[in-house]
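See structure below.
Chain identifiers are assigned alphabetically (A, B, ...) following the order of the sequence lines, protein sequences preceding nucleic acid strands; residue numbering begins at 1 within each chain.
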Amino acid sequence: MHWADFAAQKLSEREGPQVVVSGITPSGEFHIGHLREILSAEMIHRACLDFGLESRYVFIVDSMDPLRRVYDFLSPSYESYIGVPLANIPAPGEDGEPDPEGGSYAEFFLRPFLGALKQIGVEPEVIMNHETYQNGEFAEMIDLAITNRDEIHGIIESVSGRDLPEDWFPYSPLGSNGSLDGVKVTGYDRPFVHWIDGQGIEGKSDIRLAEGKLPWRIDWAARWAIHSVTCEPAGKDHGAAGGSYDTGIPICELLGGNPPEKMVYEWIQLKGMGPMSSSAGVTIGPMEALSIVPPEILRYVIARSKMNRHIEFDTGAMMFLTADEYERLVSNPPNEEEGMSKRKRISVKTRRGAMRFSQVSRDSDPSDSVGGVSFRHLSMLAQIKSDDDGVWSSLRRSGHLPGEPSTSLRSRLEKMRSWIGGGHFPEGSRIIIQSEVGEEAESQIDEDSRSFLELLAQRLESCDWDEDSIGETVRSSASDSGLGNRQAYVSLYLVILGRDYGPRISSLMAEMDRESLIGVISSI
RNA sequence: GGGCCUGUAGCUUAGUCAGGUAGAGCACCGGGCUUUUAACCCGGUGGCCGGGGGUUCGAAUCCCCCCGGGCCCUCCA
């Protein structure tokens, strides 16, 4: 059984409509790792619907979270915004300076992310957390947290094992400069929390407005209660024992809520580079990924892995494997059969689930999403054929394409071209035509092959310059010089590509200019 | 220091929750397609399931110990 189906089955034991939630702080550019947060929850939401449960999928944006520090992409002038909620800070412009025209910092980073989500078929209900503060929905929770300060204090200390400071208070008011930093609470008189900030200025915050916020561990628990959250998969950072999930559950209960069950997912790592980190420049944005990877494949990357396993993401060789695996799965889905062992049965169900959850729209037929060609083959054609029609006719000839290319195939080619054109394409898959024969290649070419190449160069002078004629010329030259086809091709690959293997060579040769091709071949 | 997750063929992994003869893909090797050598089809090699102990008729699966990797206990998906 797929993990999303399993989660839905567990959730069916709970009363009421399901509210499946993701939460992310828009502190900077979103990266591919955030997609796991989103898709883990969204797939469970879909599984609930498939299970016949009533379900909503909600994306809570932590827009009330403060700016923690001045990130590398920000100008030093953001120093004055440290501690200020992201919803109240101007977005950075091109130069990293605050841009008065750019809207809020939170919105600025959120907008393109939502666009990317739409492309992968995710359209959540978006809740900006600062609005939930602003419209008073947090007020009751804040009051409860303050009046139960000692209990909450005890929960956090005993569950997380850390010591809270003497003056700990379960509510952080904004000071006179709009920052949470350095503000001390001096008293509570519902609905006002009185404080004195770092400059010694005194004031009060109305808990019915966004004039302060709950600290993270309480904020999270409170929103579970406010929005009746039934499921929220969290990153392993929150999931560790004593982490915010563990404190959130009893705090949520104390606040009168029915918390979701703990559910934790592992992180996505970039191959060989450790975890995602925007500050270290180790990042691939969802938009960037979508420009080179078809959306259903991106979903499949998440759907095929169990939640508690790392995902090694890379846009190189791994992408070919994953994409081709998806093609095979969809074009030949596994079926349950008589006499299958229990584990095989489970495996079939899991793989069918992964296929179902990879679809961009929930009720679409998976078979509409395949290209009918492996990524590997398409990458070769895209490199050899500069125009799309050349690719289609080649695919028709090879029997991959019965008629006109489907929308999904067209989009595959488009993304393939941008993949090849950018820096993420694996060098080993790149086709590089040699301008002269390298020493290493030369040493691998024996006498028989040389005479074949000589003959071939001669015949290429006069043959028609199209794929079929060239192919025929290669074969006839091989047989006339008494060389096996295999050896003939190997020597050709060595001369043209500098390697002993490659794509269909006649297509490649036809794309080359006659003079230069003959020049390279004769140079041996 | 305390705790969570993880370790299955060269690589990516299924199967672990509900114990019952180790499954798959890639790679590799071989064969076929009498014009496709990174296409396509068929077949094959390859695993004391991290190590050790225990429970059981039976353990990758349950329990204990150890080793390696990741993470949390301040913010991080």
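There is no side-chain donor-acceptor pair under 3.5 Å between Arg459(A) and Thr473(A).
Side-chain contact between Arg223(A) and Val21(A) is absent, with no heavy-atom pair separated by less than 4.5 Å.
In the set A14(B), C73(B), A24(B), A24(B) carries the atom at the smallest distance from any side-chain atom of Arg351(A). Which of G70(B), G15(B), U35(B) sits closest to the side chain of Arg475(A) comes down to U35(B). The His377(A) side chain lies nearest to A39(B) when the options are C76(B), U16(B), A39(B). Taking the side chain of Tyr489(A) as heavy atoms from C-beta on, and the options C75(B), U37(B), A24(B), the nearest nucleotide is U37(B). Of the candidate nucleotides C76(B), C73(B), C40(B), C73(B) has the atom nearest to the side chain of Arg217(A). Checking A14(B), C76(B), C26(B) against every side-chain atom of His238(A), the shortest atom distance belongs to C76(B). With distances taken from any side-chain atom of Trp216(A) to the nucleotides C76(B), G15(B), C17(B), the minimum falls on C76(B). For His310(A), the listed nucleotide lying nearest its side chain is G70(B); candidates were C26(B), G70(B), C75(B).
The base-pairing partner of A22(B), taking Watson-Crick or G-U wobble contacts with both distances under 3.5 Å, does not exist among the strands shown. C76(B) is unpaired under the Watson-Crick or G-U wobble criterion, no partner having all donor-acceptor distances under 3.5 Å. As the counterpart of A39(B), no nucleotide is assigned, since no Watson-Crick or G-U wobble pattern has both distances under 3.5 Å. For G7(B), the paired nucleotide is C67(B), the pair qualifying as Watson-Crick or G-U wobble because both relevant distances are below 3.5 Å. C17(B) is unpaired under the criterion used here, namely a Watson-Crick or G-U wobble arrangement in which both key atom distances are under 3.5 Å.
Using a 4.0 Å heavy-atom cutoff across all strands shown, Tyr493(A) reaches sugar-phosphate atoms only and no base atom. Across all strands shown, Ile431(A) has heavy atoms under 4.0 Å from base atoms, whether or not it also approaches the sugar-phosphate. Within 4.0 Å of Thr25(A), counting heavy atoms only, lie sugar-phosphate atoms of the nucleic acid but no base atom.
Aromatic ring orientation, His2(A) versus Phe357(A): tilted (interplanar angle from 30° to 60°). Using bins of under 30°, 30° to 60° and over 60° for the plane-to-plane angle, the ring pair Phe30(A)/Phe113(A) lands in the parallel bin.
A sub-4.0 Å separation between OP1 or OP2 of G7(B) and a side-chain N or O of Arg309(A) is present. When the side-chain nitrogen and oxygen atoms of Asn308(A) are compared with OP1 and OP2 of C5(B), none of them lie within a distance under 4.0 Å. Between Lys306(A) and the phosphate of U16(B), there is no side-chain N or O to OP1/OP2 separation shorter than 4.0 Å. Applying the 4.0 Å criterion to OP1 and OP2 of C26(B), one finds that Arg328(A) has a side-chain N or O inside that range.
Across all non-hydrogen atoms, the minimal contact from Val474(A) to Leu456(A) is CA-CD1, 3.9 Å.
Comparing the P positions of G15(B) and A24(B) gives a spacing of 15 Å, expressed to the nearest Å. Distance check on atom P: C41(B) versus C26(B) gives 10 Å, rounded to whole Å. Between the P atoms of G10(B) and U55(B), the separation comes to 32 Å (whole Å). Going from the P atom of A22(B) to that of G50(B) covers 15 Å, rounded to whole Å. Comparing U16(B) with G32(B), their P atoms are spaced 41 Å from each other, to the whole Å. Rounded to the nearest Å, the gap between the P atom of C62(B) and that of G20(B) is 11 Å. When the C1' atom is compared between C65(B) and G25(B), the two are found 36 Å apart, to the nearest whole Å. The gap from the C1' atom of A9(B) to that of C5(B) amounts to 24 Å, rounded to the nearest Å.
Taking the six-membered ring wherever Trp is involved, the centroid distance between the rings of Trp224(A) and Tyr245(A) falls below 6.0 Å.
If you find the closest nucleotide of RNA chain B to Arg304(A) and to Gly239(A), the one lying nearer the 5' end belongs to Gly239(A). For the pair Arg430(A) and Gly23(A), both in contact range of RNA chain B, the more 5′-proximal nearest nucleotide belongs to Arg430(A).
Note: CD (Glu266(A)) to P (G7(B)) measures 11 Å, nearest angstrom. Counting to the nearest Å, the P atom of C71(B) and the OH atom of Tyr245(A) are 22 Å from each other. The CG-C1' distance, from Leu492(A) to U36(B), rounds to 14 Å in whole Å. In this structure, the CZ atom of Arg69(A) is 10 Å from the C1' atom of C76(B), given to the nearest Å. Atom-to-atom, CG of Leu395(A) to P of C40(B) comes out at 11 Å; the value is rounded to the nearest Å. For Arg345(A) and G20(B), the CZ to P distance is 14 Å, given to the nearest whole Å. Nucleotide U61(B) holds its P atom 16 Å from the CD1 atom of Ile346(A), rounded to whole Å. Look at CE on Met319(A): it is 17 Å from C1' on C11(B), rounded to the nearest Å.
To the nearest 0.5 Å, the span separating CG on Leu74(A) from CD on Glu79(A) amounts to 10.5 Å.
Evaluated for a side chain to side chain contact (heavy atoms under 4.5 Å, CB included) with Ser40(A), the options Glu42(A), Arg36(A), Glu37(A), Met43(A) yield exactly one hit, Arg36(A).
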